[in-house]
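Read through the structure below, which is laid out as structure tokens, and then see the notes.
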Number of protein chains: 2
Amino acid sequence: MQEQIAHILKHHQLRVTACRKQVIAVFLDKRHAIGHSELERQLADFDRVTIYRTLNTFLEKGIVHQVPDDVGEAKYALCSDDCDEHAHQDEHVHFKCLECNKLTCIAEIAIPNLTLPKGYVMKHATLLIKGLCEDCGIAN
Amino acid sequence: MQEQIAHILKHHQLRVTACRKQVIAVFLDKRHAIGHSELERQLADFDRVTIYRTLNTFLEKGIVHQVPDDVGEAKYALCSDDCDEHAHQDEHVHFKCLECNKLTCIAEIAIPNLTLPKGYVMKHATLLIKGLCEDCGIAN
DNA sequence: GTTGCATTTGCAAGTAGGTTGCAAATATAA
DNA sequence: TTATATTTGCAACCTACTTGCAAATGCAAC
């Protein structure tokens, strides 16, 4: 586990520090998208600013990608192995559960092709679906 | 024009006030989605807080709907006539131009049907496309 | 038109998310 | 082990947004 984490950091030309290791550990542990506030709760020993900078660094280097959400806070999820600072593979669907509020990536579903009105050029698309997740849907 | 604006307000059981009239006028004038900062610039006579409250009231009453954006600020656009506080008709595609940064609703395109993994229930979906708009696409 | 009352507004203050500058601490390469 | 470039913590700041309260205003009933 610690080996895996150190490898991720080195692979992206980053120094292996305590804060970075613990942030990655949280991402590996939880499987949903995570925002700054959740990290701050888990990682009480580190300064707010350090966590913000860690997230920005990871975003730049392609360790995490940003997940669209409609609350104020930015959310992030681990990228797949083949992402780096040059190319992201995050054109998949994101799902937010209205019951437990967890945001997850659904890698299985690609964003469908769309024909835009004349004159429009599409570069990128994000699709956020809201509803009930696996766990909460069964209960209802 | 002033008649039309007063009608919109009365139709939603709202008092006709100077601030509300001017906010609606801005929405009718610009055709893209608008955030608080743009309104504050146009409507220098009103307090920031009043503009925030006006936007929230309009959202509740179904005069505007929220448009997904990835910057910090919330953006809003006028609803179609048949929206009210009970039912919104905003399941259309939203487009953000990477050149001029304008956010617009593309009513012509509906969000395509998607099959979610087993156990997931879809209630609502928002699709944000980024690229070049009509005006900026031609130039490039 | 005047009055009465509920609604709306402006102001002051507060909260949350996020950034910047700088000096001290630390990871890594030599 | 040392030199240095990177990272961290702290203080301070910024923007987006909210809340409480008293003063102002819209509107309906007279």
Side-chain angles (χ1 to χ4, degrees), chain A residues 2-3 5-26 33-61 63-76 85 101 103, chain B residues 2-3 5-26 33-61 63-76 85 101 103:
Chain A
Q2 285 300 314
E3 278 305 310
I5 291 173
H7 174 77
I8 293 172
L9 288 168
K10 283 177 190 152
H11 183 247
H12 292 276
Q13 282 94 256
L14 287 175
R15 291 193 172 178
V16 180
T17 68
C19 182
R20 286 174 179 168
K21 281 192 286 186
Q22 290 189 39
V23 168
I24 292 183
V26 174
I34 295 174
H36 180 268
S37 58
E38 187 168 352
L39 284 170
E40 206 179 337
R41 257 176 278 126
Q42 309 275 325
L43 278 61
D45 295 344
F46 299 100
D47 194 85
R48 291 172 0 91
V49 178
T50 303
I51 297 174
Y52 277 117
R53 284 197 269 232
T54 301
L55 286 170
N56 283 333
T57 304
F58 285 6
L59 193 62
E60 272 168 36
K61 295 288 182 174
I63 297 178
V64 300
H65 62 273
Q66 204 161 351
V67 179
D69 196 3
D70 47 5
V71 298
E73 196 188 9
K75 296 276 171 63
Y76 306 87
E85 59 200 297
N101 280 314
L103 245 179
Chain B
Q2 284 301 314
E3 279 304 310
I5 290 172
H7 175 77
I8 293 173
L9 288 169
K10 282 177 190 152
H11 183 247
H12 290 90
Q13 282 95 253
L14 288 175
R15 293 194 171 175
V16 180
T17 68
C19 181
R20 286 174 179 168
K21 281 193 285 186
Q22 291 190 39
V23 168
I24 291 183
V26 174
I34 294 174
H36 180 268
S37 59
E38 187 168 352
L39 284 170
E40 204 179 339
R41 257 177 278 125
Q42 309 274 325
L43 277 61
D45 295 345
F46 299 100
D47 194 85
R48 303 173 46 250
V49 178
T50 303
I51 297 174
Y52 276 118
R53 285 197 267 231
T54 301
L55 286 169
N56 283 333
T57 305
F58 285 6
L59 193 61
E60 273 169 32
K61 295 287 181 176
I63 296 177
V64 300
H65 63 272
Q66 203 161 351
V67 180
D69 197 2
D70 48 6
V71 298
E73 197 189 8
K75 296 277 171 61
Y76 306 88
E85 58 199 298
N101 280 314
L103 244 179

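Chain letters run A, B, ... following the sequence lines, proteins first and then strands; every chain starts at 1.
- Taking atom CZ on F58(B) and atom C1' on dT7(C), their separation rounds to 14 Å, with Å as the unit.
- Between K10(B) atom NZ and dT7(C) atom P there is a gap of 18 Å when expressed in whole angstrom units.
- Regarding contacts with the backbone of dT8(D), a side-chain N or O of T17(A) is found under 4.0 angstrom from either OP1 or OP2.
- Here dG17(C) presents its C1' atom at 16 Å from CG of D69(B), a figure rounded to the nearest Å.
- Remark on DNA chain C: of its neighbouring residues R15(B) and R48(B), the 5'-side contact belongs to R15(B), judged by nearest-heavy-atom nucleotide.
- Nearest to the side chain of T50(B), among dC17(D), dT7(D), dG10(C), sits dG10(C).
- Where H36(B) and L14(B) each meet DNA chain D at their nearest nucleotide, the meeting point lying more 5' is that of H36(B).
- Here the side chain of C19(A) is nearest to one of dC27(D), dT9(C), dT8(D), namely dT8(D).
- Comparing N56(A) and D47(B) along DNA chain C, the residue whose closest nucleotide (by nearest heavy atom) sits nearer the 5' end is D47(B).
- Proximity of T57(A) to R20(A): side-chain heavy atoms (C-beta onward) are separated by under 4.5 Å at one or more points.
- Atom C1' of nucleotide dT28(C) and atom CD of Q13(A) are separated by 14 Å, given to the nearest angstrom.
- At whole-Å resolution of the value, CG in L59(A) and C1' in dG18(C) are 14 Å apart.
- For the pair V26(A)/E38(A), no side-chain contact is recorded, criterion being any heavy-atom separation below 4.5 Å from C-beta on.
- For the side-chain contact (heavy atoms from CB on, under 4.5 Å) with Y76(B), the qualifying choice from I34(B), L55(B), V67(B), I63(B) is L55(B), the only one to do so.
- The OH-P distance, from Y52(A) to dA16(C), rounds to 11 Å in whole Å.
- Which of dG17(C), dG21(C), dA27(C) sits closest to the side chain of E73(A) comes down to dG17(C).
- Residue I51(A) contributes atom CD1, which lies 14 Å from atom C1' of dT7(D) at whole-angstrom precision.
- A donor-acceptor pair under 3.5 Å links the side-chain atoms of E73(B) to the main chain of H36(B), judged by distance alone.
- Looking only at side-chain heavy atoms (C-beta outward), V71(B) and N101(B) stay at 4.5 Å or farther from each other.
- Distances from the side chain of R53(B) to the nucleotides dT8(C), dT19(D), dT18(D) place dT19(D) closest.
- The nearest heavy atom of DNA chain D to V49(A) and to T54(A) marks one nucleotide each, and the one closer to the 5' end goes with T54(A).
- H12(B) has its NE2 atom 18 Å from the P atom of dT7(C), to the nearest Å.
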